[in-house]
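Structure record follows, encoded as structure tokens.
Every number for a ligand or one of its atoms is a count from 1 in the order of the listing. Only this structure's heavy atoms are used, side chains among them; waters, hydrogens and symmetry mates stay out.
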Amino acid sequence: MNYKIIEKFVNENPIDDRLKGRIARPKFTYIGEDVLNKAISAFLSGKNILLVGSKSTGKNVLAENLSQIFNRPMRNVSFHVNIDSQVLIGSDTLANGNVVFRDGPVTSACKCGGLLVLDEINMARNEAMAVLHSILDYRRIIDIPGNDLIEIHPATRFIATMNYNYEGTRELNEALLSRFVIIDMPTISAKDLNKLLKDNYPKLKKEIKDQLVKLFFDIKTKADSGEISDSAIDLRGIFDSLDLVKAGLKLDEAFQMCLVNKVFDPYEKTLIRDVIQARFKENLSGGDVFEDYDF
Ligand SMILES: Nc1ncnc2c1ncn2[C@@H]1O[C@H](COP(=O)(O)OP(=O)(O)O)[C@@H](O)[C@H]1O
Ligand SMILES: [Mg+2]
């Protein structure tokens, strides 16, 4: 990682005090040097970055880490919900009886040199396409019929994410795709997942940690082979389970809430319950999962 160049970028692009609260404070440090280096180079060279990968490959965590590394206020637009150009650009609203223009996430990010995350961009509807084409253009001007021209602050960056293998996934059209450099997000390795668990739960017992890593890959294998749906691959679900156990719940109850119940098909539920039962005894509680557990 070239710290000197990053430092120079940060110094040359200071941000207003009132925006400092929007700089991400990621709960997780992204683990994976190769991907991080690629992302940093792309960011420094002003490219739009498209992160492509299945669920739980750390796409949003990486974006948050970049916001922090480069000191950029971050906003997130999820294209999963219906987003049109007014939502993105902003619109006139009433404030104290006067009509004022309220910026949307695109205009805000473009004015202050922010980082805009275009989450699940492949779900974007046509109503948003004109805006996306315009903001991702190399001219760095937003030019949308019916709107004023807006210059994009040079430190503004766009990071889009895209899940493939996902129900409802559409391919991006070529014109949009050509505006990005694309990073393939690998699934975290067993070694790195071990590290992630250790960093975030230093008191987690080693035998539990090892089984959790295996559980994640058991579920992933089943999802990759199509036996269960992708929504079951869920690292966050594993972390959430540990949080619940910390707060006093039994491990199997926590797994039920955070992993099993994330699929709705009864047969898939059984499959997940089976892989859990093959790796964990029933009735484990805080003291079985964490060292020095005292609740
Ligand atoms: N390489 C990684 N480094 C750090 N965390 C990761 C990594 N891969 C997955 N995760 C974890 O997976 C979970 C989901 O991350 P998220 O960024 O929301 O994934 P995505 O957006 O790809 O679905 C988080 O708990 C995150 O810590
Ligand atoms: Mg995501």
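Salt bridge Lys269/Asp265: absent, no basic N to carboxylate O contact under 4.0 Å. Contact check on Asp288 versus Lys205 returns no salt bridge, with no Lys/Arg side-chain nitrogen under 4.0 Å from an Asp/Glu carboxylate oxygen. We find that Arg18 and Asp16 are joined by a salt bridge, their nearest charged nitrogen and carboxylate oxygen being less than 4.0 Å apart.
If you check which protein heavy atom lies closest to atom 19 (O) of ligand 1, you get Gly58 N, 3.3 Å. Nearest protein heavy-atom contact of atom 7 (C) of ligand 1 is Ile188 CD1, 3.8 Å. For atom 26 (C) of ligand 1, the nearest non-hydrogen atom of the protein is Val61 CG2, 3.7 Å. The protein heavy atom nearest to atom 4 (C) of ligand 1 is Thr29 O, 3.3 Å. In this structure, atom 21 (O) of ligand 1 lies nearest to the protein heavy atom Asn60 OD1, 2.6 Å.
Inclusion of Phe28 in the set of residues having an N or O under 3.5 Å from an N or O of ligand 1 is not warranted. Residue Arg236 has at least one N or O atom closer than 3.5 Å to an N or O atom of ligand 1. For the pair Ile31 and ligand 1, the shortest N or O to N or O distance falls below 3.5 Å. For ligand 1, the polar-atom distance check against Gly32 finds no nitrogen or oxygen pair separated by under 3.5 Å.
In this structure, the side chain of Ser67 engages the main chain of Arg72 through a donor-acceptor pair within 3.5 Å. In this structure, Asn48 contributes its side chain and Arg179 its backbone to a donor-acceptor pair below 3.5 Å. Side-chain atoms of Thr156 never come within 3.5 Å of backbone atoms of Ile152 as a donor-acceptor pair (strictly under, hydrogens ignored).
Checked against the 6.0 Å centroid threshold, Phe180 and Phe158 do not count as a close aromatic pair.
Residue-level proximity to ligand 1 for Leu196 is carried by the side chain, the only part with a heavy atom below 4.0 angstrom.
Closest approach of Ala175 to Ser178, counting heavy atoms only: O-OG, 2.8 Å. Across all non-hydrogen atoms, the minimal contact from Leu116 to Asn76 is CD1-N, 4.5 Å. In terms of heavy-atom proximity, Leu115 sits nearest to Ala63 at CD2-O, 3.6 Å.
Heavy atoms of Val35 stay at 4.0 angstrom or farther from ligand 1. Residue Ser56 places a heavy atom under 4.0 Å from ligand 1.
Open room surrounds CD on Glu174; 12 or fewer heavy atoms of other groups in view lie less than 6.0 Å from it.
Short contacts between ligand 1 and Phe239, defined as distances under 4.0 Å to a heavy atom of the residue, involve ligand atoms 25 (O). Taking every non-hydrogen atom of Leu235 and a distance limit under 4.0 Å, the qualifying atoms of ligand 1 come out as 9 (C), 10 (N), 11 (C), 12 (O), 13 (C).
The tally of protein N/O/S atoms under 2.8 Å from the Mg ion (ligand 2) stands at 1.
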Acceptor/donor pairs from residues 81-91 side chains to any protein atom, 3.5 angstrom cut, sequence neighbours excluded:
| from | atom 1 | to | atom 2 | distance (Å) |
| --- | --- | --- | --- | --- |
| Asp84 | OD1 | Gln86 | N | 3.2 |
| Asp84 | OD1 | Val87 | N | 3.0 |

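Pro73 is listed as a side-chain neighbour of Ile15, based on a closest heavy-atom distance under 4.5 Å.
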